[in-house]
Asker: 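Sending over a structure as structure tokens; questions will come in a sec.
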Amino acid sequence: MAWLWLLCALLPAFMVSVTANSPPSFGVNMTLVTLPEDLPVGAVAFWLVATDNDNDHLTYGISGPNASYFSVNSNTGEVKLASPLDFETVPFFKITISASDGLNIRTAEMQVIVEDRNDNIPVFLNTEFSTSISETLPVGSVVFSVLAEDKDTGTAGLVQYFIEKVIPSTANSNNLFRILENGSIVLNDTLSYNNKSAFYQLELKACDSGGILDNKPKTQCSQPVFVSISVIDEPDLDPRFIREFYSASVAEDATLGTSVLTVEAVDSDKGINDIVTYSVSNSTRPGWFDIREDGVIFVNGSLDREQLLLENEEVQIQVTATEKKLNIYGQEAKASMWVTIRVTDVNDHKPEFYNCSLPGCSFSPQEAQVYFTGYVDEHASARISIDGLTMVAYDPDQGDNGTFLLSLEGQDAEAFNVSPERAAGSVSVQVVVRNSEMVDYEKETVMVVEVVATDSVSNNYSVATVTIHLRNINDHRPVFSQSLYELTVPEHCPTGYLVTDKIQATDLDGDEWGPITYSLLPGNGADLFEVEPNSGNLTVKNGTLLDREKQAVYYLTLQATDGGNQSTTTALEITLLDINDNPPVVRGSYNVFVPEENGNVSVTIQAYDDDQPDTNNSLLVFSLLPGPYSSNFSLDPYTGLLRNLGPLDREAIDPALEGRIVLTVIVADCGEPSLSTNVSVTITVEDINDNLPVFNQSSYEFSVWERVPGAWVGTVKAWDADQTAANNRISFSLSGTGANNFILQGNVLEQGWAEGSLWLLPDVRLDYETQKFFHLTVSAENPGPQGLDSTANVTVTVMDVNDEPPTLDAASLQAISVTENGSEHGQVTRVIAQDVDTTALLRIELVDVICTKAGVDVGSVCHGWFSVDGNGSVYINQSEAIDYEACHLVTLVVRAYDLNTDPGFDAYSSNGSLLINIKDKNDNAPYFLPNNQTFVIIPELVLPNQQVASVQARDEDSEDNGIIMFSILKAEFVRKDGTSNPVQVFRITRSVEAGLFTGSIELVTNLDSTIQGTYQVTVQAQDQPTVGPALETQTTLNLFTVDQSYRVRLQFSTSKEDVGANMEEIKEALIQATRTSVYVVTIQNIDSTARARASSYMDAYFVFSNGTALTLTELNMMIRKDQDALRQLLQLGLVVVSSQESQEPDQQKLLTSVIIGLVVSLVLVLVILITALVCLRKSYHRKLRAMKAGKEARKTPIETTAPTAAIPGTNMYNTDRANPVLDLPTKDLGLECHSSSDLDYDSLNSLDENSVDLDMDSKEFKRKDLPGDPPEPDPEPLTAVLSGRSAGASKQQKKNLSFTNPGLDTTDL
């Protein structure tokens, strides 16, 4: 019956009101986590955070194929990394996270993004790092390319290459290579197999560009690799000789084929070592030597050392070594070297004679001579050498072979000696006088001797014959045939004039001492004449100085000298002959003054001539040189008397002469040729006043500009023929109508002229419109006693001045209209200007352009649209640019200006405005204004006809073109799972204000508050043009819905009325804490019968601008974070923040919950009753089996008990199901009737409360006190039986095991 009482006690717990338990939920941030791949194993990766509205204890877990990466603390949600991450293997993966409150499990999928870290070093991909390149590879060529890969991303995976070392490391090789960013190794300098190295090894390293590893910057570099580069030798070098110099010697009598020298050359390309052949490419003695292919130089022709004397007895041979194969350029590779071969001497020559002077002798065999010539004065002193003898004896042999003896032989050998008598090689041979008495010109003029040269070794000799010519001595003087020569010459004869060529001197010595030379000894006239030295011809040296009138006779001394400087002299008398060389000379000057008309002229010209008297050269005659006035005069040719032939007129004379007549009289002699002298005779004709003034015109016409005071009008001129100022002075006077407006100023000019300048008076301004012409008379008077004058007519025309500004024609400035956007082109109107001036030249210019839109100046937007031509034509300049939306009205400010307006007057008209109205064209589509507002719909708050969203649009066109109509093209509801369906729950209405069109989207029907998603509404704006197609544009709005799951209830300790009164402060505090928009659904009082601290509640939604709303948990967290807002809400009576479902279920849910609770309670009662009865029955069965076991236990010796410990927590000992206490098979306990499942069930229940006491010193069974047990329980029968067992026959003591099992308590039996 105790079970029944237990059920009665538990029944009220099952009878409580049962409400639904809500599952936990993860936050929005539990969908994605980013972890660095270098996160250490065991480090905290992230936390699982879930919320439960029931505040149940939550347990967390992670599952899925990738769950092994993490270990999670199920109680706290702490997640640690269990396996290392690797971005390069798995850059991202998904796991399933779960949160359980014991009843409900919430799972979610989490994306794990693995962030890359610089944890990989670059790795070279090449397998073989060796290459071979030609030594001629051009600089800049790619030698080898390597590639290293870094599995990291970003800069950590950007590989850079470096050459760490070059082997061999020399100054030439360190910069021989460079590596590019792409891993290409480029040749940076030239290679050379022979001069540098034939092999290189590059140590390369690849490094990334750095990244983050373990939160620190890290640059990873690869292990070094070595690139082997072998340089291939190319045949690019010429061969080279192994020695720098080759020389040898050979006797000049060597036979053909004699080997002289061996040369050797090798290929400079060591890696090729081509075969080298030899040849003689040049030689100073071609044909003497040749060379075999093996480099042996041999004698190839006859040798003669004596031909090499000028070449230092050496033959130079140029040997060329040529490689057998062509070089890389397709040419022969060769090198040349000069080889020196000295030819040694043998005595194979005799001495010979040469006509030359040392050291300029060439000694060629062809130049050897046997005949020589020389000269010597008769009776020359002893040891005087023969002149002109250039004899050289020469033996080309060397040493004793070249030594020879010299001697003289022949018929005249006694008169001469030879020097030297012994010589070697070459020597100059001289023949000298030995006996001067034998050298006598009078006995013989030519002497001959023979010079003998004998070789001192071979006694071979040569003979040369020398012919010696004797020179005579000078012992006679030259002789003239006369002692005095009388000569004549004309005065002033030309220089070089031959006076005589008949004077000659003779010399008895003949021409042997050279020709006779002539000269004039110093004396009177020696500077006027000269003699030719060789011929003796006498000529005039300076004819201009020979003047008979100064000196008539000259006496000179002529000397003749021979080549031996023997001389003699003779006298010369030279008389000058007269010529007509002096012109007549006139005595005095001649100036005659005579009055005009009645004056006479009478004057005699006096002259003389210096030439010889009483000859034609001094006889004079007179004549007049023809001239302008010579015909008015006569001249006596013999006496020189000058007279006038008639009256003289001053006015007939050129005025420039001022009355002076200049006559030229010629005085000439009668010589040949005749000479003359001119003399001027000046006759001045004096003036008398005998002429009247005369105007140069009979009438004058002048013009003058109006409005110009004091202007110059014109000039009149008059002339008086009299030629003196006293007689030709003129004065002017003016008369006629209007003459008082003018002033005439006279001015005397030259040559009888006078002018009168006509001016306006300084205060007089003529007016063209009043009087256009003036007729005046001007008089010219002579101040003489006659008082006569002459007159002329003067007409003055007044000229119009361009002094009026132009004006604009108002009719041409009428406003016009132009349609925008290229609708019109060309001329649209013309501005017309007028000017009353006759000379006006008008132009129209654009002063300014004013752009206005709706009466507001919009700047320069329209400045280029129109242009104004100078003739006033207005053109459309940029038709396509005209835009009504930019400018409604263009005002062209224009003015006219006169190009011919006189300075000082205004040339511009007043400004005029030409208005051009821009007509609109429907060229702009409507456009929606940007709207950053987020539209949120709370279905239970919005009602039909209520606005839920709005759009605003404009159209830059005007009038009907700018009217916008709105329409909804499409409306869809998009659920959170991505599915959508069209809806027809909205309409749009239009309103307009100041050109801004607003479309209000209103709800047509109620919305379902249980579904979650977004309404997508596509709105079209279309204009309404009267002409042409309409233009439209669309926009799509997202209207986010907030369902009832986000409805939150706030309970207040104050009444509904107080909450309503404090609503603004409550909302302000909530907005401050949550940064959301607060939508209040309802405010109600709480039933007073309920046990609660709250008096009223407020249901509301908390919505963000992006359409998301706060949940209850999020709201609680945000309010708790903002202490100021929380404090204010508490002051306003806030008590509890909860969900609406947990606080106030509706009546239907409450009734359903009560019924379900009662049904579940009844079912539980029945299950408990049945279970209790079954357990009671099995308990009695267990006790009965225990009694039976106790009986058997008394019979079992303790030794037979198995020593192995039983399995803890069960009564199973072995596979035979023996009782662990008795160690007996189950069949011995009589329990075979029970199934194994029953036995297992009973065994598990029988030992649930067992405890094992392993105390070695205790011999008793101890029972563990349970709470609620009586302090002194009765002894359990089975325990008593077991404790009383004695040891078996072995008498061995065993360790005691104490078991206490209330389930096996047999006390009740």
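Here the structure is a predicted model, which means the values were calculated and not measured.
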Asker: Taking the ring centre of each residue, are F742 and F774 less than 6.0 Å apart?
Answerer: yes
Asker: Does the plane of the ring in F695 sit parallel, tilted or perpendicular to the ring in Y700? Use 30° and 60° as the thresholds.
Answerer: perpendicular
Asker: Is a side-chain donor or acceptor of R650 paired with a backbone partner of V685 at a separation under 3.5 angstrom?
Answerer: yes
Asker: With the side chain counted from C-beta on, respond yes when F633 and I683 share a heavy-atom pair under 4.5 Å apart, and no when they do not.
Answerer: yes
Asker: State, to 0.1 Å, how close I661 and Y629 come at their nearest heavy-atom pair, and which atoms those are.
Answerer: CG2-CB, 3.6 Å
Asker: Would V704 and L766 count as a side-chain contact (heavy atoms from CB on, under 4.5 Å) if you check the C-alpha gap in whole Å, the side-chain angles of each, and the deciding distance to 0.1 Å?
Answerer: CA-CA 9 Å; V704 63; L766 300 182; 3.4 Å; yes
Asker: Answer yes or no: are there more than 12 heavy-atom neighbours, outside Y555 itself, under 6.0 Å from its atom OH?
Answerer: no
Asker: So, taking the atom named CG in L892 and the one named CZ in F866, what distance separates them when rounded to the nearest 0.5 Å?
Answerer: 7.0 Å
Asker: Verify the distance criterion only: is there a donor paired with an acceptor across the side chains of T544 and N542 at less than 3.5 Å?
Answerer: yes
Asker: Of all heavy-atom pairs between T795 and H775, which one has the smallest distance, and what is that distance?
Answerer: OG1-ND1, 3.6 Å
Asker: Out of curiosity, N617 CG to N580 CG, how far, rounded to the nearest 0.5 Å?
Answerer: 4.0 Å
Asker: Write out all pairs satisfying side-chain hydrogen bond (donor to acceptor under 3.5 Å, both in side chains) with one or both partners inside residues 899-913, taking only residues at least two apart or from two chains.
Answerer: D898-T901
Asker: Taking all heavy atoms of I730 and all of A754, pick out the closest pair and write down the distance.
Answerer: CB-CB, 3.9 Å
Asker: Check whether E491 reaches the backbone of R548 with its side chain - one donor and one acceptor, N or O, closer than 3.5 Å.
Answerer: yes
Asker: What distance separates Y485 OH from T500 OG1, expressed to the nearest 0.5 Å?
Answerer: 9.0 Å
Asker: Check whether any side-chain heavy atom of L487 sits under 4.5 Å from a side-chain heavy atom of I574, and report yes or no.
Answerer: yes
Asker: Is a side-chain donor or acceptor of N678 paired with a backbone partner of I666 at a separation under 3.5 angstrom?
Answerer: no
Asker: To the nearest 0.5 Å, what is the distance between CD on E686 and CG on L648?
Answerer: 11.5 Å
Asker: Please answer whether the main-chain N or O of T570 pairs with a side-chain N or O of S483 as donor and acceptor at a distance below 3.5 Å.
Answerer: no
Asker: Does the side-chain contact (heavy atoms from CB on, under 4.5 Å) test come out yes or no for L758 and V716, once each step is laid out?
Answerer: CA-CA 8 Å; L758 187 62; V716 298; over 6 Å; no
Asker: Looking only at non-hydrogen atoms, find the nearest pair between L808 and V894 and report the distance.
Answerer: CD1-O, 3.9 Å
Asker: Taking all atoms of both residues into account, what is the closest heavy-atom pair of P693 and S790, and its distance?
Answerer: O-OG, 3.2 Å
Asker: Side chain of N644, backbone of V601: donor and acceptor closer than 3.5 Å?
Answerer: yes
Asker: Do side-chain atoms of T677 reach the backbone of P584 as a donor and acceptor pair under 3.5 angstrom?
Answerer: yes
Asker: Under the side chain to side chain contact (heavy atoms under 4.5 Å, CB included) test against L642, which residue among V592, D636, T604, L635 passes?
Answerer: L635
Asker: CD of Q482 to CD of Q504: how many Å apart, nearest 0.5 Å?
Answerer: 12.5 Å
Asker: Is there side-chain contact between L546 and Y554, with heavy atoms separated by less than 4.5 Å?
Answerer: yes
Asker: Flag the pair Y590 / Q606 as yes when at least one side-chain heavy-atom distance between them is below 4.5 Å, and no otherwise.
Answerer: yes
Asker: Does E701 have more than 12 heavy atoms from other residues, nucleotides or ligands lying within 6.0 Å of its CD?
Answerer: no
Asker: I would like to know whether V489 and V540 meet side-chain contact (heavy atoms from CB on, under 4.5 Å); could you show each step before the answer?
Answerer: CA-CA 9 Å; V489 62; V540 176; 4.0 Å; yes
Asker: With a 4.5 Å cut-off on side-chain heavy atoms, are W753 and K717 touching?
Answerer: yes
Asker: Please check if the side chain of N871 supplies one atom and the backbone of S873 the other of a donor-acceptor pair under 3.5 Å.
Answerer: yes
Asker: Quick one, Y497 and T539 - any side-chain contact, counting heavy atoms below 4.5 Å?
Answerer: no
Asker: Let me see the working for L528 and K541 under side-chain contact (heavy atoms from CB on, under 4.5 Å), right down to the final yes or no.
Answerer: CA-CA 5 Å; L528 301 178; K541 184 177 182 180; 5.7 Å; no
Asker: Heavy-atom count check: over 12 atoms from other residues, nucleotides or ligands less than 6.0 Å from N565 CG?
Answerer: no
Asker: Heavy-atom count around D614 CG within 6.0 Å, excluding the residue itself: above 12?
Answerer: no
Asker: CG of L734 to CG of N740: how many Å apart, nearest 0.5 Å?
Answerer: 10.0 Å
Asker: Counting distance only, does the side-chain N/O of S618 pair as donor-acceptor with the main-chain N or O of T615 below 3.5 Å?
Answerer: yes
Asker: If only atom types and distance count, is the side chain of D611 paired as donor or acceptor with the main-chain N or O of N582 below 3.5 Å?
Answerer: yes
Asker: Determine whether a donor-acceptor pair (N or O, by modelled atom type, separation under 3.5 Å) exists between the side chain of T575 and the backbone of V553.
Answerer: no
Asker: At their closest point, which heavy atom of D562 faces which heavy atom of R477, and how far apart are they?
Answerer: OD2-CA, 4.4 Å
Asker: Do V679 and T664 come within less than 4.5 Å of each other through their side chains, counting heavy atoms only?
Answerer: no
Asker: Output yes when R895 and E845 qualify as a salt bridge under the 4.0 Å nitrogen-oxygen rule, no when they do not.
Answerer: yes
Asker: Taking side chain as C-beta onward, heavy atoms only, is D669 less than 4.5 Å from D609?
Answerer: yes
